Structure formats: structure tokens, C-alpha cells
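First comes the structure, then the notes that go with it.
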Protein chains: 2
Amino acid sequence: MATEQKPASPPLTERQEARRRRILHASAQLASRGGFDAVQMREVAENSQVALGTLYRYFPSKVHLLVATMQDQLQQMHETLRKRPPAAQAPSARVAETLMRAFRALQREPQLADAMLRALTFADRSVSPEVDTVSRLTTAIILDAMRLPGPPTAEQLSAVRVIEHTWHSALVTWLSGRASIAQVKIDIETVCRLIDLTASE
Amino acid sequence: MATEQKPASPPLTERQEARRRRILHASAQLASRGGFDAVQMREVAENSQVALGTLYRYFPSKVHLLVATMQDQLQQMHETLRKRPPAAQAPSARVAETLMRAFRALQREPQLADAMLRALTFADRSVSPEVDTVSRLTTAIILDAMRLPGPPTAEQLSAVRVIEHTWHSALVTWLSGRASIAQVKIDIETVCRLIDLTASE
DNA sequence: AGCGAGTCTGAAACTTGTTCTAGATTAGCG
DNA sequence: CGCTAATCTAGAACAAGTTTCAGACTCGCT
């Protein structure tokens, strides 16, 4: 299995790659300040020194842009986790530890988290491929944390799916102020018990 | 415990109550047709024979309106379920049956479901009270399905929270075309196993 | 160096959510 | 009934996402 790669339609030139980075950087920066609403397309264009039309050529909508931003952040998180993998004994505990670590990272940039997650859950069918990429990245992170000896069973994949659902939804309730940090922790720990369930059967 | 009731700030006159109903009806109707995007505030106002400013007096934003629409629909679902409660033996199976029944109802109006769920997950802090009401309604429906002998334990409440997370998120992935109906069914059944876990400990 | 296709820019226009305003209407009350 | 405050209406105005367009620029190629 090769390292994850996009279809990579036409390979971008260097300047294009640079533009893309500037855009993503500006997006993340504005998001960090004021969350979803603060990421205004005109301002992203200005801050990344790109015309509005160009911005839209690179990212066909605000949601596309923010989902791409999330991909970026997740990728980094994945790297970080690879370097310092979770230490707990049980697979379920390792997954919980991993997610709590990610959660703590998000707490440091709650506005950025807001922007990315709102975009992710608001995305419609036109963003499905990109959202799917985020989903696959998340799955990869969780499976890494489980450190299975072999390929995951169907049951384990189901458990992972449910964990992802809970993860996303719990974050949303936290971001909208309807759940405390402690509550999210409990939810994560609760859902991770599903993993133990699949191990024993 | 009395039947659920809002703070009911100033009691509405009859005509005001009628206006509110017309608005909610127009909202649901437009949503059924074209989903979230088709619910346009100007059109809702027109179809419910109310000025735009009045619409905004009743519902301070599009998201408020759609979340209120969801409250309405959930209320009805709750009634329906009361009349024909789930028949399965195990509590977890009853919950799964209930959610699958609700899911089938949503499948009949996928566009309406889209509008309501997108609004629900997109809602920011200003809509928290209303979203919370939806959450409490959902919790009530699930607890009803469990038919516990006494009040739920903390553990059981956690399981219910996780079920709700999964329920919402699974619906979102279905609506955005990233998961099949069968997949949602599996996810629901998977997460419902958490209930069995809390029963035995 | 010069050409053609594709890309980028700057600016205006369009759409839809939201706010504002001035004037009618209505509800509740003496 | 007649008054007053609150509510409602019609419509303009504003904000931000998205689209469009004419002209300038860049890239890959010969």
C-alpha cells in the first residue's frame, strides 16, 4: 500500500503550489482568530495575495476551503502521533488517549476547530470526496492507535465508524457550548468501550 | 413531572399562534422540496403571508427556524412512537428498532431531513437553547424505548449520549451520500450494543 | 524569440441571509 | 369609544458567498 495520494489531476507548478499554501495558511489564520464567520473569502484572497476568482479556482467554495484546511491539520496531527504513539495497554485505552490528545490540540485553537468542524458537518454532496478524505485520515489515525496484529475485522471497522461519529458530534456539541470538556472526555471513553467488545467475540 | 413546556415568555395571541404555524408549515414544505437551500427566508415569508421582518421577529435566523421545524417533527415522531412502541425483547434492540423506524420516516422526506440536520449541526451558540431542546427530545425518545424500571444510571445516560452522537452523525453522512442506508443501519446497531454493556455491570 | 492555451487579476454583478425604517394595524385598557 | 404601546407591513439597504468578464500574464512548446 503506497502512501496516500490524490488523483492529482494536473500537477501544479511551483508557483501554483505556493499559492495554494498561501491560501490555506491565510484560511487557517483567519479561522484561528474568529472561527467560521471570520473566514471571509474576500479577506482570504487579499491575505494570500490572490484574486478572488483565483481563490475560487483553487477551492470552489468556502466549505471546500475549510475542509481542505482540516485535511492539512489532520495530516500534521497524524505525523505528530506517529512520533509519539499512545502508550496505554488496552487498544481501547490507546484510542481514547489518542483522541483526547487530539482534543487537547483543538482546545488550543478552539476557533479554528469551530471553522473546520462547522464546514465539515455543513458540507453537502459537492464536497463528498474531500470530506471522505478527512474521514479516511481519521480512520487511519484510530486504526493506528489500535495497533491490530492483522487487518481489521468488519466488526472492528464498524466500531471505528461509530467512534468517528461520536468524535465529530461530541466536538460539535462542545464547540457550540452545549457540552463541557469533561463531558466530551466521558463520551469518548464510553464509545471506546466498543473496541473491547469486538476483541473478545 | 409535568409535560414538557417552554418558559413561554409572553403568551401569544391566537393570530400570532396562527402566524407561527403558517411559518413552520411553509418552512417544512419548502424544505421537503429542495432541502436546506430551498428554504429561503423571503419565500418562507411570502408563503406564510407574513412580512420578512415579522418572520425574523418569530425566528431570529434561518437556523433557528429550521431547528424549530425539527422540534415540531420530533414531537410528532414522539407521539407516533408512544402509540406503537417498539416490540423487541432487549432494550438495545428496542432502541435500535426505534431509531430505524425514525430513519425510515426520514427516508420518506430526505430533503426535509437534510434541511433540519444541516441546520442542527451548523447551529452556533446563539441557537444552543433550541438545539438543546431537540437533544432532550431525542434523549426522551431513546429512554422511552429502553423502558428502564427506574431512573437511568450515569452510565446509561452516557450510552444514550453516544447513541445520539452516532445517530446525528450517521444521518449526516447518509444525507451527504457518503454512507448507504445499510451502513447507517449497521452503525445504529453497533452503537446500541453499548446499552447491553451498561445493563450487565 | 514567438505562439497559443490555460491561468491570473481586478472589478462589477448577482444572490440570499439579515437589518433597518417609516408608516399602518392591532391589542389591551381606561 | 379613544388612546398608547406593541406589532406588523412593505420595501430599501447592507453583508458576504459566488459568478462573470475583459484584459494581462505565464507556461510549455517549437
Side-chain angles (χ1 to χ4, degrees), chain A residues 8-23 26-27 30-31 33-69 114-116 118-120 122-127 130, chain B residues 8-23 26-27 30-31 33-69 114-116 118-120 122-127 130:
Chain A
S9 351
L12 298 184
T13 76
E14 206 164 311
R15 306 186 61 191
Q16 286 175 323
E17 193 53 54
R19 266 187 213 108
R20 188 166 194 283
R21 292 227 176 294
R22 284 206 307 278
I23 292 172
S27 165
L30 286 172
R33 293 224 204 309
F36 188 88
D37 294 332
V39 181
Q40 302 194 354
M41 299 304 269
R42 286 174 176 81
E43 207 161 343
V44 171
E46 233 179 283
N47 290 9
S48 49
Q49 298 181 276
V50 136
L52 191 53
T54 306
L55 171 52
Y56 273 96
R57 172 184 283 275
Y58 281 73
F59 301 97
S61 77
K62 173 169 174 172
V63 167
H64 281 85
L65 171 58
L66 284 172
V67 170
T69 304
D114 171 78
M116 296 189 306
R118 296 264 291 286
L120 195 72
F122 191 61
D124 66 359
R125 299 180 113 80
S126 72
V127 203
E130 289 79 4
Chain B
S9 353
L12 298 184
T13 74
E14 205 164 311
R15 305 185 61 191
Q16 286 176 321
E17 193 53 54
R19 267 189 212 106
R20 188 166 194 283
R21 292 229 173 291
R22 284 206 307 277
I23 293 173
S27 166
L30 286 171
R33 294 226 204 308
F36 187 87
D37 293 332
V39 180
Q40 302 194 354
M41 298 305 267
R42 284 174 234 275
E43 208 162 341
V44 172
E46 235 180 279
N47 291 7
S48 48
Q49 298 183 278
V50 138
L52 190 54
T54 306
L55 170 52
Y56 273 96
R57 171 184 285 273
Y58 281 74
F59 301 97
S61 79
K62 174 170 172 171
V63 169
H64 281 85
L65 171 57
L66 284 172
V67 171
T69 303
D114 171 77
M116 297 190 304
R118 297 265 288 287
L120 197 71
F122 191 62
D124 66 1
R125 299 180 112 80
S126 73
V127 204
E130 288 79 4

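Keep in mind that this is a model prediction, so the values were computed, not measured. A, B, ... follow the sequence lines: proteins, then strands. Residue 1 opens every chain.
Computed from coordinates, the A:Y56 OH to D:dT19 P distance equals 7 Å when rounded to whole Å. Rounded to an integer number of Å, the gap from B:K62 NZ to D:dA16 C1' is 14 Å. For the pair A:L55 CG and D:dA16 P, the computed distance is 16 Å after rounding to whole Å. Between the C1' atom of D:dT18 and the NE2 atom of A:H64 lies a distance of 13 Å, rounded to the nearest Å. Here D:dA10 presents its C1' atom at 16 Å from CZ of B:R57, a figure rounded to the nearest Å. Distance B:L66 CG to C:dG17 C1': 12 Å, rounded to the nearest Å. Summarising the geometry, the separation between CD on A:E14 and C1' on C:dT7 is reported as 17 Å, rounded to the nearest angstrom.
Here the closest heavy-atom approach between residue B:V63 and residue B:A119 is recorded as CG1-O, 3.6 Å. Across all non-hydrogen atoms, the minimal contact from A:A115 to A:F36 is CB-N, 3.5 Å. In terms of heavy atoms, A:D114 sits closest to A:G35 at OD2-CA, 3.8 Å. The minimum heavy-atom distance linking B:T69 with B:S27 is given by the pair OG1-OG, 3.0 Å. Here the shortest heavy-atom pairing between B:V39 and B:K62 reads O-NZ, 3.0 Å.
Of the candidates D:dT9, D:dT18, C:dT7, the closest approach to any side-chain atom of B:T54 belongs to D:dT9.
Contacts between residues 39-53 of chain A and DNA chain C, counted as heavy-atom distances below 4.0 Å, involve A:R42, A:Q49, A:V50, A:A51.
By the 4.0 Å N-to-carboxylate-O rule, A:R21 lies close enough to A:E17 to be salt-bridged with it.
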Write out a two-atom table: protein N or O, nucleotide N or O from nucleotides 26-28 of chain C, distance below 3.5 Å.
residue: C:dT26; atom: O3'; partner: B:R15; partner atom: NH1; Å: 3.4

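Toward the 5′ end of DNA chain D lies the nearest nucleotide of B:Y58, the other residue of the pair A:P60 and B:Y58 mapping further downstream.
Looking only at side-chain heavy atoms (C-beta outward), B:D124 and A:R118 come within less than 4.5 Å of each other.
Proximity of a side-chain donor or acceptor of B:H64 to a complementary backbone N or O of B:E130 within less than 3.5 Å is not detected.
Phosphate proximity of D:dC8 to B:Q16: present, with a side-chain N or O under 4.0 Å from OP1 or OP2.
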Check the pair A:M41 / A:L65 against side-chain contact (heavy atoms from CB on, under 4.5 Å), numbers first and verdict last.
CA-CA 9 Å; A:M41 299 304 269; A:L65 171 58; 4.2 Å; yes
